[in-house]
K.L.:
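I am attaching a structure below and will ask some questions about it afterwards.
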2 protein chains.
Amino acid sequence: MVEEKHDALDIVFHALSDRTRRGMLARLCDGELSVGDLAAPYAMSFAGAAKHVKVLERAGLVRREVRGRTHLCRLDAARLAEAQAWLKHYERYWTRGLDSLETLLRAEDAKAAQNAAKKSSCPTPSRKQERNGDV
Amino acid sequence: MVEEKHDALDIVFHALSDRTRRGMLARLCDGELSVGDLAAPYAMSFAGAAKHVKVLERAGLVRREVRGRTHLCRLDAARLAEAQAWLKHYERYWTRGLDSLETLLRAEDAKAAQNAAKKSSCPTPSRKQERNGDV
DNA sequence: TTTTTCTTCAACCATTTGGTTTAATTATTG
DNA sequence: CAATAATTAAACCAAATGGTTGAAGAAAAA
């Protein structure tokens, strides 16, 4: 009878819905950081940033190890896996679209290849982008 | 100089951080639904549910087509793809863990197979779960 | 036209969020 | 010991969130 209003996914997605917190997670990829280290890059007050760390912690995305007077934080990606598992259900609803886009691009490539064939051959046009912008 | 405080990812993750909205997205997988249809299953007021639809719409997760007096909504998964692309960056931080888990389970399976070998052979133990609980 | 249906809009309320500042806590260092 | 460093805790604030109710609009049906 604990009247749970938010399930784990609510809390994880909420934690991810803030650019500051996503930035913290990104920096934790390179290894453990203290709360102070995590807070340093941001313009806000230390206490403000520490609150963000706490949100990440409550979402289970970071784990904290108190070591002397500093609190070391490290990424715990398990909950991210859960979030991605949820999203994966919807993969088919965008891959369909991407597939047709892919088809279109392939057709374009083929046409371009035909036109270019008079001059040279170009086996794999390599339409890979992987552009991301991060954080 | 528009002073954008929230980027697209903020808004998408926030939209996903509510069970009601995730439920709506799930139901939209089966096809278009009116706002009324979307609202029906929930205990809250119609206007309350309609607000959730609007949040999804502003996040770019649903698109609305006004048709007569009913507003048809349909899933637009492109933004979900962006969210998953972000999560994909972290895949390596949980697959490492899952790999060792996998190794452990494989070892268990192998042992079980050895024990069972005296009675019968079982080619693919099929440790696939895909359990999800959805929404 | 009148009524009903589907929907938005506006006002309101309680709670949460993201931020601040100041004070308190805890561990290290001089 | 006293001083400093790393952090939390508490009180506060403005804005956003998630919900309500009641009214209004526009399209369809009577």
Side-chain angles (χ1 to χ4, degrees), chain A residues 2-25 27-28 31-59 61-74 135, chain B residues 2-25 27-28 31-59 61-74 135:
Chain A
V2 191
E3 186 63 59
E4 284 212 30
K5 187 178 282 180
H6 295 291
D7 60 23
L9 227 34
D10 285 21
I11 296 170
V12 169
F13 277 132
H14 169 253
L16 295 180
S17 74
D18 183 282
R19 167 173 276 272
T20 299
R21 291 191 288 261
R22 289 198 305 278
M24 288 177 166
L25 289 182
R27 311 226 336 280
L28 284 174
E32 289 186 333
L33 288 174
S34 71
V35 176
D37 292 336
L38 278 174
Y42 301 101
M44 74 187 72
S45 71
F46 180 91
K51 276 193 184 180
H52 282 295
V53 176
K54 200 169 295 178
V55 170
L56 289 170
E57 198 183 7
R58 276 184 305 203
L61 293 172
V62 317
R63 272 167 53 176
R64 181 191 305 246
E65 179 195 353
V66 179
R67 194 154 150 188
R69 68 184 163 183
T70 77
H71 295 203
L72 272 306
C73 300
R74 71 171 186 281
V135 169
Chain B
V2 191
E3 187 64 58
E4 285 211 32
K5 187 177 283 181
H6 294 290
D7 61 22
L9 227 35
D10 285 22
I11 296 169
V12 168
F13 278 132
H14 168 254
L16 295 181
S17 74
D18 183 283
R19 168 172 274 272
T20 299
R21 292 191 288 261
R22 290 198 305 277
M24 288 177 167
L25 289 182
R27 311 228 335 280
L28 284 174
E32 291 187 332
L33 288 174
S34 71
V35 176
D37 292 336
L38 278 174
Y42 301 101
M44 74 187 73
S45 70
F46 180 92
K51 276 192 183 180
H52 282 295
V53 176
K54 200 169 295 179
V55 170
L56 290 170
E57 198 182 8
R58 277 185 306 204
L61 293 172
V62 317
R63 273 168 52 177
R64 182 191 305 245
E65 179 195 354
V66 179
R67 196 156 149 185
R69 68 184 163 185
T70 78
H71 295 204
L72 271 307
C73 300
R74 71 171 185 282
V135 168

K.L.:
Test B/R64 against B/V35 for side chain to side chain contact (heavy atoms under 4.5 Å, CB included), laying out the working first.
P.N.:
CA-CA 9 Å; B/R64 182 191 305 245; B/V35 176; 3.7 Å; yes
K.L.:
Does B/S45 have a side-chain nitrogen or oxygen under 4.0 Å from the phosphate oxygens OP1 or OP2 of D/dT20?
P.N.:
yes
K.L.:
So, is B/T20 near the phosphate of D/dG18, with a side-chain N or O under 4.0 Å from OP1 or OP2?
P.N.:
no
K.L.:
In this structure, how many angstroms lie between the C1' atom of C/dA27 and the CZ atom of A/R67, rounded?
P.N.:
14 Å
K.L.:
As a test of reading the structure: which of C/dG19, D/dT7, D/dT21 is closest to the side chain of A/M44, going by heavy atoms?
P.N.:
C/dG19
K.L.:
What integer distance in Å separates B/D37:CG from C/dC6:C1'?
P.N.:
11 Å
K.L.:
Using whole Å, report how far NE2 of B/H6 lies from C1' of C/dG18.
P.N.:
9 Å
K.L.:
Tell me the interatomic distance from B/K5, atom NZ, to D/dT17, atom C1', rounded to whole angstroms.
P.N.:
14 Å
K.L.:
Write down the distance between NE2 (B/H52) and P (D/dT17), rounded to a whole number of angstrom.
P.N.:
12 Å
K.L.:
Taking all non-hydrogen atoms of both residues, which atom of B/R27 and which atom of B/Y42 are closest, and how far apart?
P.N.:
NH1-CE1, 4.4 Å
K.L.:
Nearest 0.5 angstrom please: B/H71 NE2 to B/E57 CD, how far?
P.N.:
9.5 Å
K.L.:
Using atom CZ of B/R21 as one end and atom P of D/dT17 as the other, report the distance to the nearest whole Å.
P.N.:
9 Å
K.L.:
Does a side-chain N or O of A/H71 approach OP1 or OP2 of D/dA6 to a distance below 4.0 Å, or not?
P.N.:
no
K.L.:
At under 4.0 Å, does any side-chain N or O of B/S34 touch on OP1 or OP2 of C/dC6?
P.N.:
no
K.L.:
Of the candidate nucleotides C/dT8, C/dT20, D/dA6, which contains the atom at the shortest distance from the side chain of A/K51?
P.N.:
C/dT20
K.L.:
Regarding B/G68, tell me which of base, sugar-phosphate or nothing describes its non-hydrogen contacts under 4.0 Å with the strands shown.
P.N.:
sugar-phosphate
K.L.:
Round to the nearest Å and state the distance from A/L72 atom CG to D/dA6 atom P.
P.N.:
13 Å
K.L.:
Considering only heavy atoms and no angle criterion, is a donor-acceptor pair shorter than 3.5 Å present between the side chain of B/R69 and the base of C/dT7?
P.N.:
no
K.L.:
Atom CG of A/D18 to atom P of C/dG19: distance rounded to whole Å?
P.N.:
6 Å
K.L.:
Working to the nearest 0.5 angstrom, can you tell me the gap between A/R67 CZ and A/L72 CG?
P.N.:
6.0 Å
K.L.:
Toward the 5' end of DNA chain C, which comes first, A/T70 or A/A49, by nearest nucleotide?
P.N.:
A/A49
K.L.:
Go through it in stages, so that I can follow the logic: the residues are B/H14 and B/R21, the test is side chain to side chain contact (heavy atoms under 4.5 Å, CB included), and I'd like the CA-CA distance, side-chain angles, deciding distance and then a yes or no.
P.N.:
CA-CA 10 Å; B/H14 168 254; B/R21 292 191 288 261; 3.8 Å; yes
K.L.:
If only side-chain N and O atoms of B/K54 are considered, is one of them under 4.0 Å from the OP1 or OP2 phosphate oxygen of C/dC9?
P.N.:
yes
K.L.:
Given that A/G36 and B/A43 both sit by DNA chain D, which one's nearest nucleotide is further toward the 5' end?
P.N.:
A/G36
